[in-house]
Amino acid sequence: MNFDGFDLDRKTRGVLNSLDAGGRIPHAVIIESRDSQAAQSLALLMSMYAVCGSGENRPCGKCPNCVKAKNKAHPDIFYPQTKNKSKTYDAEGMREIIKDAYVKPNDAAAKVYVFDKADTRLSTVSQNTFLKLFEEPPQNVYFILLCENAQRLLVTIRSRCMVIRLGGEAGVDENARSAAEKIAEGITAAHEYELLLALRALEDKELRDGIFTALKQIFRDALVMLSGVQVRSGGETAKKLAARFTKFKLIEMIELCDSSALQIKQNVNINLLTTRLCGEFRRISWQR
């Protein structure tokens with residue numbers, strides 16, 4: 001990915017390069033940062049990437065699509081505005097966006113919708129209105145949600161997005177981090193019993209969210225390492241994962257964590273979930 005003109009930290013660049021190389025740029029991204037300008041800059045980069053007409057080293061920054069995107073004048077990149085006194089995206093406006101998402105792009109091969117301050121401007125009603133589109137998005141349509149705190153968004157929305165945190169990852173309880181390390185170690189173990197035993201940590205309701213957060217951090221660190229970027233906080237476990245698994249497999253594991261976290265919120269039987277998780281992690285590990 002071409003970062004010319006964009007000041008991003010090495011870890012964020014590594015994640016984006018890994019996604020680009022893996023051909024799995026997600027259709028929905030949450031950019032979490034207390035620095036609104038930094039978040040908007042990353043959103044601009046990703047928007048330019050989506051509409052760029054160059055075949056390689058996107059975004060090229062020179063094609064007509066990139067130039068229009070950089071000037072925020074591209075007809076296929078939308079920055080929805082609030083229309084009410086409360087400065088929130090109302091349900092009616094969201095329904096208009098849903099309809100528009102199914103209309104073919106004008107100039108580019110993709111469409112992008114960038115929501116600023118999504119954690120305060122997207123009400124519960126608006127998010128629920130939008131949920132179906134997030135579940136089954138049209139091809140080549142991308143959504144970028146900017147926020148200071150992703151936890152303010154519905155879990156059903158977060159589970160369908162990739163979260164990119166600028167300025168570091170969210171804090172995680174040490175017990176949850178330790179449990180996540182054991183699960184990651186279990187994934188690489190020769191026998192599934194070790195993984196199944198490590199997954200029992202999810203029986204602790206207080207640690208579940210932190211475990212999934214920490215586990216995704218480990219997978220993302222491994223992704224960054226595969227791009228040749230040194231990660232100070234990566235640790236030996238991430239190095240083992242990077243040495244053994246491809247970018248595709250690591251991304252699939254991140255997606256498995258997201259879907260499992262959502263199932264827990266829906267009160268799925270935890271014993272059935274851990275058994276399924278064990279089987280799915282093993283399947284991903286050994287598939288060709």
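Numbering starts at 1 and runs along the sequence shown.
Nearest heavy atom pair, residue I77 against residue S47, reads CD1-CB, 3.8 Å. For the pair G53 and N65, the tightest heavy-atom approach, listed with the atom from each and the gap, is N-ND2, 4.2 Å.
Membership of an apolar cluster is not assigned to V125, as no side-chain contact below 4.5 Å to another ILVMFWY residue is traced.
When atom types are taken as modelled, the side chain of D20 and the backbone of L16 share no donor-acceptor pair closer than 3.5 angstrom. Side chain of R121 to backbone of Y89: no donor-acceptor contact under 3.5 angstrom is found. Side chain of S178 to main chain of E174: no donor-acceptor pair is present (N/O by atom type, distance under 3.5 Å, no hydrogens or angles). No donor-acceptor pair closer than 3.5 Å links the side chain of E194 to the backbone N or O of A189. Between the side chain of T213 and the backbone N or O of D209, at least one donor-acceptor pair lies under 3.5 Å. Between the side chain of Q127 and the main chain of L122, a donor-acceptor pair closer than 3.5 Å is present. Between the side chain of R244 and the backbone N or O of T188 there is at least one donor-acceptor pair closer than 3.5 Å.
In this structure, S36 and L146 have side chains that are not in contact, with every pair of non-hydrogen atoms separated by 4.5 Å or more. Using a 4.5 Å heavy-atom cutoff, the side chains of I157 and F134 are in contact. The shortest side-chain heavy-atom distance between C257 and F281 falls under the 4.5 Å cut-off. The shortest distance between side-chain heavy atoms of K111 and N140 does not fall below 4.5 Å. At least one side-chain heavy atom of I187 sits under 4.5 Å from a side-chain heavy atom of M253. Between P59 and M1 there is a side-chain heavy-atom pair separated by less than 4.5 Å. Looking at L8 and L45, their side chains come closer than 4.5 Å, going by heavy atoms from C-beta outward. Side-chain contact between N128 and L154 is present, with at least one heavy-atom pair separated by less than 4.5 Å.
Between F115 and F143, the distance separating the two ring centers is not shorter than 6.0 angstrom.
E185 has no carboxylate O lying under 4.0 Å from a charged side-chain N of K182, or vice versa, which leaves the two without a salt bridge. At a threshold of 4.0 Å, the pair R200-E203 counts as salt-bridged, since one of the basic side-chain nitrogens sits closer than that to a carboxylate oxygen. Between R158 and D258 there is no salt bridge, since none of the side-chain N atoms of the basic residue sits less than 4.0 Å from a carboxylate O of the acidic one. A salt bridge links K132 with E136: the distance from a Lys NZ or Arg NE/NH1/NH2 to an Asp or Glu carboxylate oxygen falls below 4.0 Å. A salt bridge does not link E252 with K247: every distance from a Lys NZ or Arg NE/NH1/NH2 to an Asp or Glu carboxylate oxygen is 4.0 Å or more.
Residue M162 is grouped with residue I284 when hydrophobic side chains (ILVMFWY) are merged at heavy-atom distances under 4.5 angstrom, including chains of intermediate members.
Few gaps surround CD on E135; more than 12 heavy atoms of other groups in view lie less than 6.0 Å from it. By the neighbour-count criterion of 12 heavy atoms within 6.0 Å, atom OH of Y193 is sparsely surrounded, having that number or fewer from other residues, nucleotides or ligands.
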What verdict does the side-chain contact (heavy atoms from CB on, under 4.5 Å) test give for V29 and I31, after you've listed the backbone C-alpha separation in whole Å, the side-chain angles of each residue and the deciding distance to 0.1 Å? CA-CA 6 Å; V29 174; I31 300 175; 4.0 Å; yes

Please determine whether side-chain contact (heavy atoms from CB on, under 4.5 Å) holds for the pair L145 and D119, giving the CA-CA distance in whole Å, both sets of side-chain angles, and the decisive distance to 0.1 Å. CA-CA 8 Å; L145 281 60; D119 52 342; over 6 Å; no

Could you please spell out the steps behind the salt bridge (charged side-chain N to carboxylate O under 4.0 Å, His left out) verdict for E148 and R34? CA-CA 5 Å; E148 288 190 5; R34 293 184 179 181; 5.9 Å; no

Derivation and outcome, side-chain contact (heavy atoms from CB on, under 4.5 Å), residues M48 and F6: CA-CA 12 Å; M48 290 173 62; F6 293 91; 3.8 Å; yes

Between T12 and D9, does a side chain to side chain donor-acceptor pair (under 3.5 Å) hold up when you go through it step by step? CA-CA 6 Å; T12 300; D9 61 89; 2.8 Å; yes

Between L262 and T156, is a side-chain contact (heavy atoms from CB on, under 4.5 Å) present by the stated rule, with each step listed? CA-CA 7 Å; L262 176 59; T156 48; 3.8 Å; yes

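Between the side chains of S126 and T129, no donor-acceptor pair is found at a separation under 3.5 Å. Side chains of N2 and Y49: no donor on one and acceptor on the other come within 3.5 Å. Side chains of H74 and D107: no donor on one and acceptor on the other come within 3.5 Å. Side-chain polar atoms of N106 and D76 form a donor-acceptor pair below 3.5 angstrom.
For T88, the side-chain hydrogen bond (donor to acceptor under 3.5 Å, both in side chains) partners two or more places apart in sequence, or in a different chain, are N84, S86.
How far CD of Q40 is from OG of S33: 10.0 Å, rounded to the nearest 0.5 Å. Rounding to the nearest 0.5 Å places CD1 of I254 at 11.0 Å from CD1 of I218.
The cationic atom of K72 (NZ for Lys, CZ for Arg) lies less than 6.0 Å from the six-membered ring centre of Y79 and within 45° of the ring axis.
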